[in-house]
Each structure stands twice: as C-alpha cells, then as structure tokens.
> 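Please find one structure pasted underneath; my questions will follow.
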There are 2 protein chains.
Amino acid sequence: MSTPFERPPTAQEAVLGALRRMLVRGELRPGLPVRQESLAEQLGVSRVPLREALKVLEGEGLVTYLPRRGYVVTELSAGDLVEVYRLRELLEAEAIAVAVPLLTDADLVALEAAAGEVEDAGSDIEALTTANRRFHFLLFDAARMPRLSRTLRQLWDATDVYRVVYFAEPERRARVRDDHAGLVAALRRGDIEAAVAAQAAHRAHSVTTVTAALSRSAAGA
Amino acid sequence: MSTPFERPPTAQEAVLGALRRMLVRGELRPGLPVRQESLAEQLGVSRVPLREALKVLEGEGLVTYLPRRGYVVTELSAGDLVEVYRLRELLEAEAIAVAVPLLTDADLVALEAAAGEVEDAGSDIEALTTANRRFHFLLFDAARMPRLSRTLRQLWDATDVYRVVYFAEPERRARVRDDHAGLVAALRRGDIEAAVAAQAAHRAHSVTTVTAALSRSAAGA
DNA sequence: CGCGTGTATATTGGATCCAATCTGACCCGG
DNA sequence: CCGGGTCAGATTGGATCCAATATACACGCG
C-alpha cells in the first residue's frame, strides 16, 4: 500500500540485496572465497552484475578484494565489532545532536509510526530489522547531513550480520521497544542529552550481548 | 628505489586512479553525466572495468548512480564540504587519541620521514598531496582501527578535489609544514590533547580557505 | 624423502555483443 | 500555439566469450 512497486530495476541491485541476505544468514561464510561463476548461476545472473555488487560490499568492508584472486568474505572479529560500535557512538551522537533541534512535528509522527512498525513486526526477524533500521535512520536523516547518513548506513550494513543474532531473543525485542519509546519521548521534549544517552544505552546493550554471543560461538570453534 | 613496481595490476584500479585524477583536475566536472563509452575509449579500456571503478566512487559519494540512467559527477556544495570536515573532526580526534599511546619509536621516525617528504615535495602539487596523505594516515593507521582508517580514507577521497586548491598557494604549503612539525612534537611528548588540537587547527585552516575559494568560484558562476 | 619445476585446470579480468530503456525530435490533434 | 504521442538514435545493463593469471597436482631431481 505504501510503495506499490519498489522492486530493484537492475540486476546488480537485486544481487546486492541477495548477497546481504546471504551474509546475514551465514550462507556466505567469513573467510571463504567468493566463487563468482557458481554464485552468479545460483542467483540467475551473469558475473558482471555480481561483480558490481561485490564492489559495493568491498567498499563497506564486508568482502575483501585481492586482485587476480577474487573476493573473500571478510572475517569480522570481536575487535572489529567493537570498533564499528565505537564509530557509531561518535557519529550517532553527532547526528542526534544536530537532528533534535530540526525535528518537525511530522518527523515525530513518522518516528512514532516507525516505532509502531517495530512493535507490529512481532517475531519476524526480517521485518524487525528493517523496521528498526527505518526508525533509526528516520532520526539520523533528520540531521540533514547526507554524508553522515551514508557513513552510518555503511557501518550498520557492516554489522547487519550480527544484528540478527541480537533480535533472536524475545526479551531483547521487548527491550528494543522500550528503548525506542524512551528515545521518542526524549526527542519530543527536545532533550538532546537524554536522546543521545538513550541511543547510547540502546547501542551499548546490543554490543555487549552480540559480543557475548560471538565469543560463545568462537569458543565452540 | 622503495617500490620498484607498484603499478596497478588490474585495469579497474588503474581506471579508478585515473578517474580520481580527472576529478581533481576538473576534467570531470560536477553535475555532468559520465559517458561510459567515450570515457572508456579515452582511457583505453572497455566499459566493464570503468563501471567497477565507478561503483567504488559511488560508495564514496563522488559520483551518483541513477539506475538505467548512469552515473553523474556529484556536485559538492560548501555545505557538503563543511559536513565532511565535521566528520573528519570527530573521527580524526578519535584516531589520534587512540594512536598516541600506541606510537612506537619506529612510528615516530616514520612520521618524521613522511613529514620530510612533504617538505621535499616542494611545489609539486601531486607529490605534495600524496606525501601529505601518507603522513596523516601513518598516524591514523597507528590507532589500529582498520574500519576507522577506511572511513577516514573515504572522507579524504571525497574532498581530494578541494585539497588541490588548498596546496596551490605557497604560503599554505609553508603553514602545512609548520603544522606537521608541531603535530610531530606533540606526538613525541605523548600529548594527546595538543596533538588533537594541532590536527584540528590544521584542518580548520584548510576548511576555511577552501570554502572561501569555493564561494569565490561559485560567485563567478 | 623433500623440494622445486612443469603442466593442467580452475578462476578471474576484460572485451565484445545484444537487449532494454531512456532521450530528444518531430508530428499530429486539440 | 500548446500538449501528447510516436519513432529514431543514444546510452546503459547484462550475457557471452576469450585471454591472463593463479592454484593444484604430478613428476623428476637432488
């Protein structure tokens, strides 16, 4: 109803989305080389659009390119994860600080609607992550700093793999909702400090749980 | 003598470098569409490696991609410039704060050598910008935060176009050398605050002069 | 028995070719 | 005179094909 047709018009974009999903689902496992021929066949396209999509992922650090040797799925260590979250901390604080004074009533309504979508998503992880993302970037984009939004998007993309782990637990989903409600309340009051703090707490919680999950799975290996 | 052969082994990388130079030199002017056929012919390659290089530039925001319509050279406004510098401010401060305690003697020697290269570059703008970049990233990389380095690299790439303007004036080149010397001194003392401040002053000076140059040229149009 | 070498195979990089779509001009009707 | 529609050229997107390089394995030599 909202967007009747939003299908990727080009194969490279479709492939890009497919690759992201495969990364999140672990179908493309870190450390393994990307075999272009078989992967392209599996996706029903030729290698050309696949390679263009891989170049985008390379820019985000999700895959590593070695000339004449191809692409390898990047292995993200716990350290990398911590690093990304630290960068997010710095940049999201900036985005929120700039955005809050600029927020219109329409923005706030949209944010509440987005928060509602997160609630409605229930336990559908796919819907949950996209709704969550929409909520946060509605806020970040309100800062009207396109380059900042772009950079944050790259950082979020780089850790999408882990975000799924996070949402798997029902208790965390509940917490996310509370956090969102608190954040919106702070935004309504125009309270920058509280908003930044809310986002920080939200993020900190996710980094600790995800890191824990990661080290647990690493211990198993 | 240092690197006997560092030529890009693949055409896409060569093209990427060529495109960056063309952007810096203004041969690819903002707002204009990128005609793949003629540009590829001009570079002596086919459109395939060209398109891969363009995807990289798209990730950095230097070109904008419109499906089925191709790539357009992004127009950077003064606002965009300010935004990039603000992001650099946040991220470079972090990089320096983390790097300073980790600096080894070897790092410091390398930094001084790099600073020397900047001096030796004289008025060769090309050599100057690359040496300047090497100097700063030697420091940033010392923080051992690869994702942060990557992000900073993207931000620097995005404004390379303007950096050239900056270095055109001899007085500014002199100032750069002084700034570098001051920065190295602070690093030697392990004085994080002073180092961050030095970098900030360095950057602030460049953003003001470049913005001025930009508005002057905009006034002419 | 270990190691370097040579060759066969797998895989990537790039060029060319074709299909799909966009742009712009021209024409026609209102 | 203006707006919509149609058709030709231009341009992009993607598939296929070929060349160049890397990898793996077998072989022969020390």
Side-chain angles (χ1 to χ4, degrees), chain A residues 3-23 27-75, chain B residues 3-23 27-75:
Chain A
T3 54
F5 265 109
E6 206 189 328
R7 305 262 60 175
T10 109
Q12 42 180 295
E13 295 185 23
V15 168
L16 181 58
L19 290 179
R20 287 195 201 283
R21 280 190 293 277
M22 292 178 76
L23 285 166
E27 295 172 30
L28 286 175
R29 283 195 307 187
L32 292 182
V34 177
R35 294 290 162 235
Q36 298 176 9
E37 189 114 28
S38 62
L39 188 54
E41 189 188 15
Q42 183 182 339
L43 295 172
V45 297
S46 83
R47 283 172 45 216
V48 176
L50 170 61
R51 277 163 55 181
E52 287 179 331
L54 285 169
K55 266 280 172 283
V56 175
L57 295 179
E58 189 205 352
E60 296 173 0
L62 287 169
V63 299
T64 306
Y65 173 68
L66 301 108
R68 291 273 165 207
R69 228 171 296 178
Y71 296 86
V72 181
V73 182
T74 305
E75 302 197 60
Chain B
T3 54
F5 264 109
E6 206 188 328
R7 306 261 67 175
T10 102
Q12 43 181 293
E13 295 185 22
V15 167
L16 182 57
L19 291 179
R20 288 196 201 282
R21 280 190 293 277
M22 293 178 75
L23 285 165
E27 295 171 32
L28 286 175
R29 284 196 306 187
L32 292 182
V34 176
R35 293 291 162 233
Q36 298 176 9
E37 188 114 29
S38 62
L39 188 55
E41 189 187 15
Q42 184 182 339
L43 295 171
V45 297
S46 83
R47 283 172 46 215
V48 175
L50 170 61
R51 276 163 57 181
E52 287 179 332
L54 285 169
K55 266 281 171 281
V56 175
L57 296 178
E58 189 204 352
E60 296 172 1
L62 286 170
V63 300
T64 306
Y65 173 66
L66 301 108
R68 293 271 165 206
R69 227 171 293 178
Y71 295 86
V72 182
V73 182
T74 305
E75 301 198 59

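Below, chains carry the letters A, B, ... as their sequence lines are ordered, and counting in each starts from 1. None of these values were measured; they are calculated from a predicted model.
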> Take the protein atom OH of B/Y65 and the nucleotide atom P of C/dT21, then report the distance between them rounded to whole Å.
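One finds 13 Å between P of C/dT21 and OH of B/Y65, rounded.
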> Using the side-chain heavy atoms of A/R35, tell me which of these nucleotides is nearest: D/dG14, C/dT11, C/dT23.
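The listed nucleotide nearest to A/R35's side chain is C/dT11.
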> Under 4.0 Å, counting only non-hydrogen atoms across every strand here, what does B/V34 touch: a base, just sugar-phosphate, or nothing?
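Answer is sugar-phosphate: B/V34 comes under 4.0 Å of backbone atoms only.
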> Taking CD from B/Q36 and P from D/dT11, how many angstroms apart are they, rounded to a whole number?
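Distance check: B/Q36 CD to D/dT11 P gives 11 Å.
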> Contact list please: residues 38-50 of chain A against DNA chain C, heavy atoms, distance less than 4.0 Å, in numerical order.
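Here the set is A/R47.
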> Starting from P on D/dG13, measure out to CG on B/L66 and report it in whole angstrom.
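Rounded to the whole Å, the gap is 10 Å.
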> Output the rounded distance in Å from CZ (B/R68) to P (D/dA10).
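Roughly 19 Å, once rounded to whole Å.
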> I want to check one thing: is the phosphate of C/dT23, taken as OP1 and OP2, less than 4.0 Å away from some side-chain N or O of B/R69?
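Yes, such a contact exists.
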> Round to the nearest Å and state the distance from B/E37 atom CD to D/dT12 atom C1'.
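Spelled out: CD on B/E37 to C1' on D/dT12 is 10 Å.
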> Counting the atoms with a prime plus P, OP1 and OP2 as sugar-phosphate, which does B/R51 contact under 4.0 Å by heavy atoms, base, sugar-phosphate, or nothing?
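Contact class for B/R51: base.
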> Nearest 0.5 Å please: distance from the CZ atom of B/R21 over to the CG atom of B/L16.
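With rounding to 0.5 Å, CZ (B/R21) is 9.5 Å from CG (B/L16).
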> Check the phosphate of D/dG14 against A/T10, side-chain N and O only, distance under 4.0 Å to OP1 or OP2. Yes or no?
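The answer is yes; a side-chain N or O of A/T10 sits under 4.0 Å from OP1 or OP2.
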> Atom CD of A/E13 and atom C1' of D/dG13: how far apart are they, to the nearest Å?
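For the pair A/E13 CD and D/dG13 C1', the rounded distance is 11 Å.
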> Enumerate, atom names and distances included, each donor-acceptor pair closer than 3.5 Å involving a side-chain atom of residues 55-62 of chain A, sequence neighbours excluded.
residue, atom, partner, partner atom, Å
A/K55, NZ, A/E58, OE1, 3.3
A/K55, NZ, A/Y71, OH, 2.7
A/K55, NZ, B/Q12, OE1, 3.0
A/E60, OE1, A/R20, NH1, 2.8
A/E60, OE2, A/R20, NH2, 3.0

> Could you go through residues 30-41 of chain B and list every donor-acceptor pair under 3.5 Å that involves a side-chain atom there, pairing it with any protein atom two or more places apart or in another chain?
residue, atom, partner, partner atom, Å
B/Q36, OE1, B/R47, NE, 3.1
B/Q36, OE1, B/R47, NH2, 3.2
B/S38, OG, B/R35, O, 3.3

> Can you measure B/L16 atom CG to C/dG13 atom P for me and round it to whole angstrom units?
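It works out to 14 Å between those atoms.
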> Which atom names give the shortest non-hydrogen contact between B/R29 and B/V73, and what distance separates them?
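Closest approach of B/R29 to B/V73, heavy atoms only: O-CB, 3.6 Å.
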> Would a 4.5 Å heavy-atom cut-off, applied to side chains only, mark A/L54 and A/V15 as touching?
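A/L54 does not reach A/V15 side chain to side chain.
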> First locate atom CE of B/M22, then atom CD of B/Q42, and finally report the distance between them rounded to the nearest 0.5 Å.
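Taking CE in B/M22 and CD in B/Q42, the distance rounds to 4.5 Å.
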> Whole angstroms only, please: what is the CD-P distance between B/Q12 and C/dA15?
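Answer to the nearest Å: 11 Å.
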> A side-chain contact here means heavy atoms from C-beta on lying under 4.5 Å apart; do B/Y65 and A/E52 qualify?
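With C-beta onward as the side chain, the pair stays apart.
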